[in-house]
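Note sheet for the following structure.
Indexing begins at 1, ligand by ligand and atom by atom, following the structure's order.
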Amino acid sequence: MNYPDTYYSRTLTDRTERPALSGDITCDTVVIGGGLAGITTALQLSRGGQKVVVLEAKSIGFGASGRNGGFVSAGYATDVEQISGIAGREAAHRLYLMSIEGVDFVRDSISGLSIAGADPVDGVTSVMRYDDGDGLRTYATEARQRYGQDLEYLDTARVRRELKSTRYFHGVRDRKAFHIHPLNYLRGLAAEIERLGGVICENSNAIATELNAGNKTVRTAGGTVTARTVVFSTGGYTDQLNPRLRRAMLPIATYVMVTEEAPELIATAITTRDGIGDNRRAGDYYRLVDGGKRLLWGGRITTRAASMSGLVHELRREMTGTYPQLRDLKTELAWSGLMAYARHLMPQIGEMQPGVWHCTAFGGHGLNTTAIGGKVVAEGILGESERYKLFAPFGLVWAGGMAGLAAAQLTYWKLQAQDWWRERAA
Ligand SMILES: Cc1cc2nc3c(=O)[nH]c(=O)nc-3n(C[C@H](O)[C@H](O)[C@H](O)COP(=O)(O)OP(=O)(O)OC[C@H]3O[C@@H](n4cnc5c(N)ncnc54)[C@H](O)[C@@H]3O)c2cc1C
C-alpha cells in the first residue's frame, strides 16, 4: 500500500489493494483523484446508475483525505461574512446549510454502510482563549436561529472541568459535529462504489488528457480510459495535468502528531471525548484516539518545505503550553499533508468546459465540504440539479503562484500575531 506512516495507515480495517489501470476501458465518467472529493463524486454517480472509473496516483486516501484531523463540522474554510461578501447573503445562507448537509452525509454514510473502523465520536467543542462569554453566547444563539445548529454554550467552570487548562475560558459545543477515522471512512465509501459496479485503479497516475471531443480520454502509464465526462478532484496534489486548475490553487502543508499510549497521563489534562479546537484564527485542534489512549494534536501551516522535527517541536510547545502536565507525554509519530486553497478560500466546483468538471480546493475544512461537493457535482452530471451553480462565484481565479504562497504564509503569521495580541489584552 502506498501510504505515508500515519496513525490512520497503522489502524486500517480494510487492507484491499486495487490493481493499476491496465489496457483501455470505457465508462460514463472517469474521476481523477481518489480522495474524499473524487470518491464521494464517484459514489453518488454509481448510485445514479453510471459506470465510473476512479484513477488514483497512489492508494486511495493517499492525500489530505487519509491524513487529516478527522473533525466533521459545519462550515467552510472561510466564514459566512466572507462568503456573503462574494456571493451575497442569500447564497451564503444556502451554502452554509449545504455544509451542514455535508456533515449529515458523512454521518449517514457511516451508519448506512456500517463502515468498520470509522469510529464516529459525537461532539466538537470550540474553546476561547480570552474572556468574552457574552460574545460566544450570542454566536451560539444566532447559529441556532439561523441554521438550526445544535450549539450549547459552556461557561468557564464547565470548560475547565473537562479541559484542565487555565488557557481556556468559554466554549461552545456542537452536538451534531463529530470526529472520525477518515481513512477507514473513505475506504468504506470506496468498497461501496465497487459493490455498485464501479472500478477503482490505484497506482494509476493520470499523465495526459484529451478533453475537447465528445468522448474524452485520460491516459496513465498502463492504459487509457474513455468517457463522456471527466472529473478532476486532485486537491492539494494537483499538478500540471490541468494547468488551469494548477494555477487556481495553492498547495499548503499542515501537520498532525500522535502521542504514545498514556491514558492516565492524558486524563490529567483532558476528560472529554469531544474534538477540541481553539477559536484562534491560526489555532490548534486535538482529540483522543485509540479508544482514549492517545492524543492526536494538529495545527500550523507552511507554504514551503519545512523540517518535520521543527514542526513537531512547535506542536509540542502548543500542547505543553496549554497543558504543562503533559510535558512528559511522548510524541510517537507525526506527518503532514497538503491542502488546496483557492484565493477566495472557497471550494472550486463546476463544469470548466462541456463534460469536464472540477471538484477541489476544500482547504482545511474538507470532510463535510467534499461530501457536498461530490453530491452537487454528481447531481449536475446526472442532470438532477444545478446546485453546483451556487459555487459559480468562486471561480478558477489565479491563486498568485509563488507570490500567492508567500502572501499565504505572511497572512498566517499575521493571524498568529493578532491571536497573540488578543489573548495578551484579555
Ligand atoms: C493534516 C490535515 C488535517 C486536516 N484536518 C481536517 C479536519 O479535521 N477536518 C476537515 O474538515 N478537514 C481537514 N483537513 C482538510 C481535508 O482533509 C481536505 O480538505 C480534504 O481531504 C480534501 O480532499 P480532496 O479529495 O479534495 O483531496 P485529497 O484527499 O488530497 O485527494 C487528492 C488525490 O488526488 C490524487 N492525485 C493527484 N494528482 C493525480 C493524478 N494526476 N492522477 C491520479 N491521482 C491524482 C492524489 O494522490 C490524492 O490522493 C485537513 C487536511 C490536512 C492535510
### Message
One pair to check against side-chain hydrogen bond (donor to acceptor under 3.5 Å, both in side chains): Tyr168 and Glu162. What are the steps and the verdict?
### Response
CA-CA 11 Å; Tyr168 296 144; Glu162 292 175 356; over 6 Å; no

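Considering both main-chain and side-chain atoms, Gly363 comes within under 3.5 Å of ligand 1 through a nitrogen or oxygen pair. When only interatomic distances are considered, the shortest N/O to N/O separation between Phe71 and ligand 1 falls below 3.5 Å. Close N/O approach between Ala64 and ligand 1 is found [any backbone or side-chain N/O within under 3.5 Å].
Residue Trp335 places every heavy atom at 4.0 Å or more from ligand 1. Under a 4.0 Å heavy-atom criterion, Ser73 is not in contact with ligand 1.
Looking at Ala361 against ligand 1, nothing comes within 4.0 Å, counting heavy atoms. Proximity of Asn205 to ligand 1, defined as any heavy-atom pair under 4.0 Å, is shared by backbone and side chain alike. Here Glu56 has heavy atoms under 4.0 Å from ligand 1 in both its backbone and its side chain. When non-hydrogen atoms are compared, ligand 1 lies under 4.0 Å from the side chain of Leu241 (C-beta onward) but not from its backbone.
With a 6.0 Å cutoff to the six-membered ring centre and a 45° limit on the axis angle, Arg160 counts as a cation-pi contact of Phe169. Relative to the ring axis of Phe62, Arg67 places its NZ or CZ within 45° and under 6.0 Å from the centre.
Taking the side chain as every heavy atom from C-beta outward, Val106 and Ile110 approach each other to under 4.5 Å.
Between Asp239 and Arg246, none of the side-chain N atoms (NZ, or NE/NH1/NH2) sits under 4.0 Å from a carboxylate O, so this pair counts as no salt bridge.
Among Val124, Thr234, Thr238, the residue whose heavy atom sits closest to atom 38 (N) of ligand 1 is Thr234.
Tyr153 and His170 form a side-chain donor-acceptor contact under 3.5 Å, judged by distance and modelled atom types alone. Neither side chain, Asp119 nor Asn184, offers a donor N or O lying under 3.5 Å from an acceptor on the other.
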